[in-house]
Every structure is written in C-alpha cells, then in structure tokens.
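Notes to accompany the following structure.
Per chain, numbering begins at 1; letters A, B, ... match sequence-line order.
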Number of protein chains: 2
Amino acid sequence: MNLKQLSETLGLSQTTVSRALNGYPEVAEATRRKVLEAAQAHNYRPNARAKSLATGRSMAIGHVIPVSAKHEMVNPIFADFVAGAGEAYLQHGFDMVLSLVPDDGEEAAYRELAAKRSVDGIIVHGPRTDDERIAMLRDIGLPFVVHGRMSRHADDYDWVDVNNLRAFYRATEFLLDLGHRRIALINGLVSMDFAARRLDGYTQALATRGIAPDPDLIRSDEMTEAYGYRSAGEMLDLADPPSAFLCSSIIAALGVRRAIEARGLAMARDVSIITHDDDLSYLSNRGEVPIFTATRSSVRDAGRLCAERVISLVQNPVQPAQQVLLEADLTVGQSTGPAPARTARDT
Amino acid sequence: MNLKQLSETLGLSQTTVSRALNGYPEVAEATRRKVLEAAQAHNYRPNARAKSLATGRSMAIGHVIPVSAKHEMVNPIFADFVAGAGEAYLQHGFDMVLSLVPDDGEEAAYRELAAKRSVDGIIVHGPRTDDERIAMLRDIGLPFVVHGRMSRHADDYDWVDVNNLRAFYRATEFLLDLGHRRIALINGLVSMDFAARRLDGYTQALATRGIAPDPDLIRSDEMTEAYGYRSAGEMLDLADPPSAFLCSSIIAALGVRRAIEARGLAMARDVSIITHDDDLSYLSNRGEVPIFTATRSSVRDAGRLCAERVISLVQNPVQPAQQVLLEADLTVGQSTGPAPARTARDT
DNA sequence: TTCATCGCCCAAAGCGCTTTGGTGAGATCC
DNA sequence: GGATCTCACCAAAGCGCTTTGGGCGATGAA
C-alpha cells in the first residue's frame with residue numbers, strides 16, 4: 001500500500017493525504033481523521049526511501065567504527081554506548097547505521113557516507129591525539145559529534161567527553177594519599193586521545209609528589225582482560241613491583257585482579273587497584289561496597305548525549321559548537337587500601 | 001555532484017553514465033574509462049536514497065533489538081556478534097541498521113521496518129521458546145535469519161545456532177565424571193530459547209546418573225557479573241552447597257568466581273566452574289591453559305554466518321531454508337577439578 | 001451586487017537514480 | 001546494394017514521496 005493507492009481508496013489527492021498525515025494545517029479535521037483511520041486500517045507507512053529522497057532527510061545517524069587487527073572498537077564499552085545512543089534515536093524516530101570500516105579507509109568511509117547521503121549526521125568514535133578528521137568532517141558538511149576529543153584541535157566542534165585528565169589525576173592522588181609510591185598505569189592505546197589524557201593526569205599527580213613516572217610501570221594497549229592479566233603479572237614479577245594499579249577499564253582491571261590473586265596476593269591488602277569504570281550494565285561495579293575503587297562515568301549516558309546532540313544539529317545545523325565535559329565520580333570500593341609496609345630494599 | 005551534473009560535464013546522457021558506472025556491457029570501453037575517471041575526479045557517489053528508490057534495494061540489513069527494563073540485548077555478547085556481522089556487511093557493501101525497540105512494540109517494529117522499506121533483510125535476535133515471530137516475519141515478506149532458534153517451530157526458516165543442548169549435556173557430564181553431584185546451573189533468562197535448551201541438556205545429563213535437578217541450584221536471569229556473584233554466593237551459603245557451577249556466560253562466570261573466592265574457597269580445588277564461552281574478544285578465555293573450562297563457540301562467527309546468510313537470501317530470495325548448527329568445543333581450563341571429598345552430611 | 005478573503009483541496013513538478021524502448025551509424029551478409 | 005545486425009548511445013518514464021503554485025466555492029465586507 002503506497003500513498004497513491006491510499007489516496008485513491010479515499011478519493012482524495014496524494015497531496016491532501018500527505019498533508020493530512022504530516023499534520024499540515026490546510027486540511028479539514030474531518031478529512032484528516034478519515035485519512036488517519038484509513039492509513040491505520042491499511043497499515044500504511046510512507047516508504048522511507050522515497051520520503052528521504054523527497055525531503056532530503058534520511059532520519060538516520062551513522063556511526064563509523066574503524067576495525068583493524070590491532071584495534072577493536074566493537075567492544076563491551078561500545079555496546080553500552082550504543083545502548084545509550086539507541087535510546088535517544090528511538091525517542092526521536094531516528095535509525096542507527098553502523099559501518100565498520102577498515103582502519104586505513106576511514107576517511108574514504110566518511111566521504112562515502114556523506115556522498116551517499118544515507119545518514120543525516122555522524123558520530124565519531126575513537127578520536128586519536130593526532131586526529132585530522134575534523135577538517136575533513138567539516139569539509140563534507142554533515143553534522144557530527146565526537147565521542148571524546150582531539151587534542152590537537154581547538155574546541156570548535158561538538159564533543160562529549162569525560163574529564164579523563166582530572167579523573168586519573170584524582171585517582172593517582174588517592175593512591176598517593178594511601179601511601180603508594182610504585183603505582184602502575186594499565187592504560188588504553190596511547191594513540192587514543194582519552195588514553196593520552198589519562199597518562200597526563202597520572203604523570204601530573206605523580207609530579208606533585210616529586211615522583212618520576214617509571215616506564216616499567218606504564219603499559220598501553222587494547223583494554224582486554226588478557227592484557228590486564230599479562231601486564232600486571234609481568235609487573236608484579238619485577239624486582240621492585242608496584243603496590244597499586246591504575247587501570248583504564250574495568251575489563252582490564254579484572255585481568256589485573258586475576259594476576260594479583262594468581263600470585264597469592266590479596267587485593268587491597270597487598271596490592272591496590274583503582275580503575276576507570278564505564279558503568280557497563282553487564283559488568284556493574286555498584287552495590288553496597290563496589291568491588292573496585294573507581295572513577296565512574298557512564299558511557300551509556302555519553303552515548304545518549306552524543307545522539308541527542310547530533311539530532312539537535314540535524315534539526316538545526318546553525319548552532320555554536322557545544323562541548324560536554326562529564327566529571328567522573330571517584331567511588332571507593334574494596335580494591336584499595338594503604339600501601340603495605342615497604343621492604344628494606346624499597347627505601 | 002549528482003548523476004545529471006556528471007553526465008553534463010561528460011557530454012553523455014545519464015543513461016550511459018549510469019550504465020558505465022554499473023558495469024553494463026552496452027557501453028564502449030573507452031567511454032567507460034572516461035566516465036570512471038570523471039566520477040573519481042569529482043568524487044561522485046550515487047545518492048543511496050535515490051538509488052534504492054529506483055532499484056528497490058536499500059543495501060541495508062536491519063537488526064531489531066528489544067530493550068526493556070528486565071532484558072538488555074545490547075550486551076558484550078551482542079557486541080561481538082555485531083563485529084562478526086559487520087565484517088560480512090563490509091565485504092558485501094551492506095549497511096547495518098540497528099533499531100532498538102521497546103519490548104512490547106516488537107511486532108510493530110518489524111512491520112514498520114518492512115513497510116518503510118529501509119532494509120532488505122532482517123536478523124532476528126533473542127528468540128524465545130514461545131516465539132510467535134516466524135509467522136509474522138514470513139507475512140511481511142522480508143528475508144530474515146534468526147540467531148538462535150524458536151523451539152515451537154518446525155525448521156522451515158533460516159537460523160544459525162549453537163548446539164546448546166549438547167554443549168550443556170557434555171559439560172554436565174564432564175562434571176559428573178569428575179565426581180560432582182551437586183551441580184548448580186547459572187542460566188540465562190529461561191524464556192530465551194537458548195537457555196531452555198541449556199537447561200534441557202543439564203537436566204538430561206543429570207538424569208542419566210539418576211540425579212533429580214534441585215531447584216535451589218538452578219537460577220535464570222540476565223547474565224551479568226553481579227547476577228553470577230549473587231546467585232553463586234547464595235548457593236554457597238546453603239547447608240548443602242554445590243561443588244560445581246555450570247554457567248551460561250563467561251561474564252556471569254566471573255561473578256561466580258568472585259563469590260567463590262570471597263568465601264576463601266579455591267576455584268577448581270574446592271569448587272569447579274564450567275562456563276559457556278562465546279569467545280568474546282575482550283574477555284578471551286584462550287591461552288596455554290584457559291582460565292575457565294568451557295564450552296566454546298564464537299558468537300562472532302555466528303554473526304558473520306547470519307549476515308552472510310541474510311545477504312544470500314536478499315540476493316536470491318527463493319532458496320530452501322537453511323539451518324546451521326554450530327558445535328561447541330569443550331575445552332579444559334583451570335576452573336575444574338575432581339569433586340572434593342564429601343562431608344558426612346552429604347552421604 | 002461585486003470583490004477580496006479564506007478554507008480546503010488538487011495537479012504537477014521535482015528529489016536522483018535505474019531501466020525501458022528506442023535510434024542512428026557502421027558492419028555484415030547474401 | 002539492400003536487408004539485417006550490432007554497437008553505442010539517448011530520451012523519457014518510472015520509483016513513492018513532498019511541496020509549489022494554483023483553483024474553486026463559500027463567506028464577509030464594501
């Protein structure tokens with residue numbers, strides 16, 4: 001059933017039926033009611049392709065997700081982000097289009113997305129410190145919102161980010177206050193902007209106590225459980241092991257805990273962990289006393305905010321760029337404790 | 001730059017340009033080359049909306065994801081599924097459209113998706129035992145592939161599933177062979193088809209040894225870490241606690257392990273765990289000796305298979321229904337051991 | 001009575017592509 | 001040398017919707 005058929009059964013013109021359905025004022029109320037009833041009865045929905053061709057709007061937002069051997073954007077954190085964004089899309093009648101693209105073809109993918117006109121706006125994932133996408137994205141003329149930031153750029157674009165620097169500064173400070181001096185950082189890929197900021201926060205906090213960061217205690221990689229386990233294991237086996245770990249993700253933190261316990265050590269008592277917590281629905285770190293002491297910021301909320309922002313930009317493209325900086329809560333859990341007494345060798 | 005403009009700059013008709021770009025034979029090779037060059041130079045891409053209106057193909061596959069307070073399809077497992085499917089879509093030039101829909105509006109969502117004609121095919125997620133979607137999906141006439149099965153239905157539709165019954169039968173048998181008699185099942189939501197089959201496998205294996213399932217040792221819920229922790233904790237605190245756990249997801253298994261260790265017990269020595277392992281990229285259970293003994297089946301592969309199948313159906317809708325039943329490997333890890341000697345009370 | 005106004009509706013022109021049904025020029029055949 | 005093909009191209013008709021630019025009859029003011 002298409003518009004033509006519907007209008008024929010009603011004995012009205014396509015124009016009138018279209019206007020009735022879309023709530024235009026120049027159609028009599030009685031007529032509108034009849035049209036709506038008929039549409040309902042025949043289960044009529046406008047063909048989205050035709051509609052978007054006619055209106056120039058496709059009512060869809062694109063998410064470009066780079067895939068490569070070494071980096072996987074499609075991860076549990078992304079899942080929660082998508083869930084949050086999806087809620088916003090659902091509310092506003094937008095579809096969500098995910099395009100996985102090979103790492104090296106990213107620019108082409110954006111251009112293609114724009115040229116194909118299959119989406120009205122874009123959410124940019126995984127910004128890197130040296131990211132050059134801003135100029136290109138502006139060039140192609142689609143509204144976009146970045147989840148995260150691109151350090152090299154002035155704030156003349158829309159983004160939603162967590163205050164990663166402050167979160168990791170505070171977390172480090174928290175460990176320092178507990179007496180820890182050998183603090184390891186299990187970071188995400190440092191080419192990612194968020195990881196670079198976290199490293200900065202960590203380094204700056206150490207600096208306030210006159211501690212130079214020890215390269216042996218800093219790792220940077222894809223934040224899997226196995227990575228956490230491996231990194232923490234190697235560090236714990238050092239002659240001068242860390243007494244605390246600062247982790248970029250709860251998934252990696254699980255691995256760190258496993259490494260600690262595999263060595264017969266007790267979390268909090270022997271080795272402390274503090275992790276960033278994206279408040280994942282399937283790996284919740286809530287409860288009376290959370291498992292991990294953590295800097296918490298819901299990535300689901302971030303997803304929702306990004307989606308709402310891009311929808312707003314689609315509906316009204318001429319707006320000053322807006323930035324949202326989410327602060328992470330520092331919540332104390334069961335994974336931190338005072339630094340254990342140091343051995344003679346340490347002093 | 002659209003087709004009309006491109007053809008004007010070339011001094012050719014739209015027809016010829018279109019045919020040249022789409023590889024039709026009735027255009028001279030020299031002309032085709034010129035057209036391709038010009039398209040390249042002007043960065044021309046056909047407008048996807050217009051193209052799909054004209055062809056009737058939208059080159060997109062829809063994923064309908066029910067969301068509700070009690071059930072979250074957007075989870076880490078889903079993320080890996082999407083990653084697998086995305087690879088197939090990328091390869092074949094399809095887009096992936098995710099629609100989150102409220103639990104109660106699912107049927108309407110499918111109908112809408114079909115009526116709007118914004119996708120060429122559908123992947124059905126989270127089939128339930130009493131699922132009535134098959135008839136409706138067939139009714140709306142879009143090709144679809146189910147990830148999982150719907151028990152009530154004959155096999156006259158396309159699906160990709162894991163042999164859940166056999167996997168859990170074997171896993172239970174494995175524990176029984178180790179001498180375990182009190183075996184707990186931490187299952188997914190039993191309204192889900194996969195969970196019902198797993199329960200069957202577990203029950204049948206117990207039955208072969210004349211053991212009646214104990215309702216106190218069977219739980220069914222959303223497979224979060226917290227759920228695993230809570231359930232296992234409560235069971236371990238029973239007067240007659242289980243000596244082994246059978247888990248539906250590695251995420252829940254993490255919670256089970258936490259509960260075990262929180263009680264000062266040792267995994268494998270005191271309490272065994274065997275879990276289904278979806279081979280998630282961020283929670284890998286591989287390595288020399290895997291952490292968990294597990295029935296492993298890659299959900300990423302399942303995603304790829306579903307996507308490839310639906311693409312094949314889009315390209316050629318008249319095919320006999322095809323079913324893919326993946327067998328799970330039973331891999332032995334560090335989480336299982338012989339049942340500890342039983343106390344007097346147990347005998 | 002006449003003319004402007006208003007309320008309600010319509011025909012037709014796009015949106016940018018594919019595809020049908022040609023056409024004219026040159027090659028081929030008998 | 002005329003009929004027939006083939007080759008390479010084109011004009012125009014959709015695909016199903018929105019939107020522009022009226023039109024027509026009733027109403028109210030002059």
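Nucleotides of DNA chain C with any atom under 4.0 Å from a heavy atom of chain B span, from 5' to 3', C:dG16 to C:dG21.
Of the residues in residues 14-34 of chain B, those placing a heavy atom less than 4.0 Å from an atom of DNA chain C are B:Q14, B:T15, B:S18, B:R19, B:N22, B:Y24, in numerical order.
We find that A:E106 and A:R128 are joined by a salt bridge, their nearest charged nitrogen and carboxylate oxygen being less than 4.0 Å apart. Using a 4.0 Å cut-off between charged side-chain N and carboxylate O, B:K34 and B:E29 make no salt bridge. Salt bridge annotation for A:R149-A:D161: present, with a cationic side-chain nitrogen under 4.0 angstrom from a carboxylate oxygen.
Closest heavy-atom contact between A:L100 and B:G86: CD1-CA, 3.5 Å. Between B:L280 and B:D80, the shortest heavy-atom contact is CA-OD2, 3.5 Å.
Inspection of the B:R138 and B:Y157 side chains reveals no N or O donor paired with an N or O acceptor under 3.5 Å.
For the helix from C:dT1-D:dA30 to C:dC30-D:dG1, the end axes, each set by the C1' atoms of five terminal pairs, are bent relative to each other by 50° (nearest 10°).
Screening residues 300-314 of chain A for side-chain hydrogen bond (donor to acceptor under 3.5 Å, both in side chains), with sequence neighbours left out, gives A:E87-A:R300, A:E87-A:R304, A:D158-A:R309, A:R300-B:E72, A:D301-A:R304, A:R309-A:Q319, A:S312-A:Q319. Applying the ring-ring contact (aromatic ring centres under 6.0 Å, His included) test to pairs two or more places apart or on separate chains, those with a residue in residues 44-66 of chain A are A:H63-A:Y89, A:H63-A:H125.
Scanning for side chain to side chain contact (heavy atoms under 4.5 Å, CB included) contacts around A:E112 gives A:K116, B:R45, with sequence neighbours left out.
Judged by closest nucleotide on DNA chain D, B:S13 is the one of B:S13 and A:N47 placed further toward the 5' end.
Between A:D120 and A:L142, the closest side-chain pair of non-hydrogen atoms is not below 4.5 Å.
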